[in-house]
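Chain letters run A, B, ... following the sequence lines, proteins first and then strands; every chain starts at 1.
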Amino acid sequence: MDSSPSPDIHIPEQWSEAAESIVYSSRPPIILICGAKNCGKTTFSRYLLNVLLHKYPKVAYLDTDVGQPEFTPPAFLSLTIVHKVTPDLTVPCMKTPERCLFFGDVSSKRDPSTYLSYVFALYDYYQKEYCISEKGKNPFKIELPLIVNTPGWVKGVGYDVLVDMLKYISPTHVVKISISRESKNLPSGEFWLDGEHDETINLIEINSAHQDLLNRSMIVRKDARLLREFRIMAYFRQCICRDSSISTIKELAHALASHCPYEVPIASIKIQHLHCEVPSSEIFFTLNASIVGLAVDSEGLENLPWCLGLGIVRGIDMVKGVLYVITPVPHSSLEKVNLLLHGYIQIPSCLLQARYCFTFLCRNGR
Amino acid sequence: MEPSSSLLGFEEEAKVSSSSARRLVPWLNWHEWLFVKHALFSDSPHSALKRISAWRSRASLPVLIEVTASIIEIQLKDPCFRQDESNDASLSEEMLAMLYCMAIMRLVNGVIEKTRKKEVASIAVAADAIGIPRMLIDIRHEGSHRELPSLKIVRSASIKALDWLKSYYWEPQSKAIPFQGEGLGEVKKEIKSKIRELAICLKVNGSAQSSSSLLKGKRVKHGELLFGRNKLLSLMVGKSQMSRTGGPKKQISKILKYVLRLYSSFSSEIVSVLLEYLLKALSSSELEGNADDASNGLTTQNVLADWKLILLKLCNKEPEILLNLLKEVLDMIETRENMKYAEDNPNIGISHSRPEIQQRDYLSSLFAWLVGILSKVPSAAANMPKRVLHELLRKCLLISRLCNKQLVDSALQLAELMNDSYLKEKVRKFSLISLSNLDSADDQSSLLTSKNILKFEESILEATKKLELVKQQIMKNKKPTAMDCDTKKSQTWTLAKSWNPCPIGMLPRTVGSSGYLPVLNVIDDEKQNQLLESKENWKLIPHGNKRDATLDLPQLDNSTVKKMRKTKEFSESNNELPMQVVKGCLLVGGVLKKLTEEELLAIESSVRILV
């Protein structure tokens, strides 16, 4: 397969062999990629995506990494249908997912059960739409392969979550990427099956890409928090029209502060706090200048709040009874939104720095 | 892969120096923090605890605040601290001890983990360095590794912990807040010194080219002109020239930034300080030279030429300052005239004392000069909404009924700015009428009748303006009905009709881009109506408040009387018809009452605020 990766990324032979073996399977595969933090899961998944796109017209991507998702801003679980090859494996790009759910936190640690229910819901959606059911109800359904990306939390509660995911999804291929430090890796073999062996599952164990002379994995340390902030800023950059030239973060902050927001009456919107209990008298103190998920209440099965995107509540006018929200979600879709989800996503501090006035910021101190 | 911003389309930026880097905090401004601090250590910390739980959901709450809240909340459940409240579902002693112990553990760990380097210093050593009482360290150790400490011990430890937290965090932080607890006098001093600095810098920068000793003397003289005959200040001017460090332009922009940052919280103070200086400059220059009417206009220009530069710079960045200055001057003229008429007996002739006339002249010439600046500041004139200029013009015309030629001229200029030829015509006609009445100013009786005529004229003008506004409103109301034919559903998400840029978290002002702080309290039912009305009154003052926006209800009561003066303007500038339902209520004697229109007018006419 000669999909051309970017020159900075080195695809070891082990990886390309693994990808080939996956592609050559007869039926559209369901692949789950797991491994420790920073071992290269996302890079491998991008590579695999490109490889699969040579054979299939479209590929489904279920992203369960809420801390560093592939196509959405952080705190989302999403199912995206990809039809374009990613030319540069280093650059993440924003895509609008087919379906997504706002989890409200960058890790599943606060609420693993809700996290799992969201993952299962998205997988069920995939099954219904893109996977041939055994009864063969709809012969015209296009069957798509599915890549499932997982977070790098492989110990403790994260491990349990991963095992539950594997048991529910039962993928055809599991790609486990290991790093040289054994203690950080997932257990070998089919760790999620309690001793039984499942013939239909192919376990592919590969090593991380970069290894030094002593065969130690070279982990690239990422400042996850900074990356998330940049992601969020890139997301809201879409609010400003493409023609205007915004090249620095300061310009973006100024543009967002001047951008005309949407006005929505408080009475016609429900507000829900995820992960946290807030007294009703204090709701607006939490909402002002914060990031919220824009969701539609009780539409999907099991009353899940399907989400359309993120918004910044940039002001609240209690006298008029309106909220002012900035969001790149198109106006036509916005009409359905009747639920604002407030999670633990912090607004990037650089967006709050207006010219002469600083709200919610203080100089470094205690 | 270095997380470079260029990945996502942003240019690489120079690393922000840590001194200027700011940290995200969950409170909107220091006023909120102070409210929480005050309530937390008072007898009923419930409101503070609620607010802190709201802060917690913003995910940037400093651990010290969180721990303080935990300890106080646990103490609320402890019957030892709350003898008055009877707890039916009281916790057992074991549970209370566990809660205290956990809170203390979190305190010790939270504070120390940040300050110590692991494996370099043990926890005890690091704790000593900060000054945590030894007892807390011991409790943490005991609770983690051995038996749960007794309730008595952890209770007394909690008291110690709170005292320590106060001394380690709460007190030092509140002292570090700028301008808090010092009163407005301090703020005014600060503003004055900054504006002085700005003036001096600009002056020095302006005449930086030539460096002869002759010029030095001239600079000092100008310094005197700027600030009146104040020896100290002229000395300051001289001094600052010697010790000019750093590029003058840089310094100017630094001071500008500082003043503008102050503007968002203390706008009225800045306006009053500027007015003070301007009037002083005018009056001091008069004493100097001859009070020659012919050259009066000229000297105003010269005298205030230096201030022109300062004002231009300020108003370029924040056009609201100019607007507020104009309004203040008009108010001052009006109140002076009203005072005069209140004292006047119908029989007494024009018995104005000389300083009175002078002061009024100063004010009018100041107004004319300011309008001149308004026309020069391109951004201000362009961006100011028509409505605002309309207001100004109307007020000007109302006041100029006192046959003040300068004001009439300024009104003409204002009309010019608005690019409305129809309006210009009307104003011109009005000015002609008022000027012709000037000729017969000596005759007392004719003054009275001409005053009546003028009053009629101005009421007609007002009526025309009102008609225009009503027309506009009808047009606006027509538009949504046209839209309704197309869209059957009413839209919940609509684009805001107009938007003035303002920082995220604040609400936009009518003019300028500094924004004002929102009031976010949710109060139920009766109190809500009161608050709505007070907030509405508060909102009536288009330019900043004398006090900070997040006021408590009782404080707002005191200022409703003053704000009533503005209700008349509000009714004209209000585009939202639904709000008029609430408008009828006023806090009269602390009780919400629905007043009829006549009662409102009666109150308005009987209330005259003397500034």
Side-chain angles (χ1 to χ4, degrees), chain A residues 90-91 220 222-223 226-227 230 233-234 237 247-249 256-258 260-265 268 273 276-286 288-290 312 314-319 324 331 334-335 337 342 344 346 349 351-354 356-366, chain B residues 1 3 5 7-11 13 18 21-29 50-51 53-60 62 64 169 173 176 257 260-261 263-264 489 491-496 498-499 501-508 513-515 518-523 532 535-536 539 576:
Chain A
T90 49
V91 177
V220 179
K222 295 183 268 189
D223 187 345
L226 208 56
L227 274 179
F230 281 139
M233 287 195 279
R237 165 83 178 79
S247 47
T248 61
I249 296 179
L256 281 178
S258 329
C260 194
Y262 288 103
E263 210 176 279
V264 53
S268 44
H273 284 94
C276 187
E277 198 189 327
V278 174
S280 53
S281 59
E282 310 290 321
I283 291 180
F284 300 110
F285 288 98
T286 64
N288 194 19
S290 65
I312 298 179
R314 64 100 67 238
I316 304 179
D317 195 338
M318 298 291 291
V319 177
Y324 293 112
H331 197 162
L334 264 186
E335 280 304 309
V337 173
H342 185 262
Y344 271 133
Q346 289 180 26
S349 50
L351 290 183
L352 289 173
Q353 294 189 16
Y356 310 115
C357 189
F358 302 99
T359 48
F360 293 104
L361 294 171
C362 81
R363 286 197 200 277
N364 272 327
R366 286 178 196 144
Chain B
M1 197 179 5
S5 43
L7 269 187
L8 294 134
F10 295 111
E11 280 175 1
E13 281 191 343
S18 54
R22 284 167 188 269
R23 210 185 55 204
L24 195 66
V25 292
W27 50 89
L28 177 61
N29 58 355
K50 278 195 192 160
R51 185 63 58 84
S53 68
W55 285 356
R56 211 173 273 132
S57 82
R58 294 190 76 107
S60 46
L64 288 163
Y169 172 71
Q173 178 70 80
K257 264 194 197 155
L260 286 162
R261 204 179 309 153
Y263 181 75
S264 42
K489 271 196 294 184
Q491 295 202 308
T492 36
W493 291 79
T494 49
L495 264 179
S498 64
W499 190 257
C502 66
I504 291 185
M506 299 181 125
L507 292 170
S513 58
S514 48
V519 178
L520 296 174
N521 294 299
V522 172
I523 303 184
L532 253 185
K535 274 194 220 129
E536 213 189 3
K539 204 189 168 201
E576 294 164 80

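Summarising the geometry, atom OG1 belonging to A:Thr286 is positioned 9.5 Å from atom CG belonging to B:Leu520; distances are rounded to the nearest 0.5 Å. Going from atom CD1 of B:Ile504 over to atom CD1 of A:Ile312 covers 5.0 Å, rounded to the nearest 0.5 Å. Rounding to the nearest 0.5 Å places CE of B:Met506 at 9.5 Å from CG of A:Asn288.
Heavy-atom pairs under 4.5 Å with chain B peak, among A:Ser290, A:Cys260, A:Pro265, A:Cys276, at A:Cys260.
Considering all non-hydrogen atoms of both residues, A:Arg314 and B:Pro503 come closest at NH1-O, 3.3 Å. The minimum heavy-atom distance linking B:Pro518 with A:Ile316 is given by the pair CB-O, 3.7 Å. Scanning both residues, A:Glu282 and B:Ala54, for their nearest heavy atoms gives CB-CB, 3.5 Å. In terms of heavy-atom proximity, A:Val278 sits nearest to B:Ser53 at CG2-O, 4.4 Å. Taking every heavy atom of both residues into account, A:Ser281 and B:Lys50 meet most closely at OG-CD, 3.7 Å. Closest approach of A:Ala257 to B:Trp499, counting heavy atoms only: O-NE1, 3.5 Å.
Side-chain contact check for B:Asn521 versus A:Phe285: some heavy-atom pair is nearer than 4.5 Å.
For chain A, the nearby parts of B:Trp493 are the backbone and the side chain; heavy atoms of each come within less than 4.5 Å.
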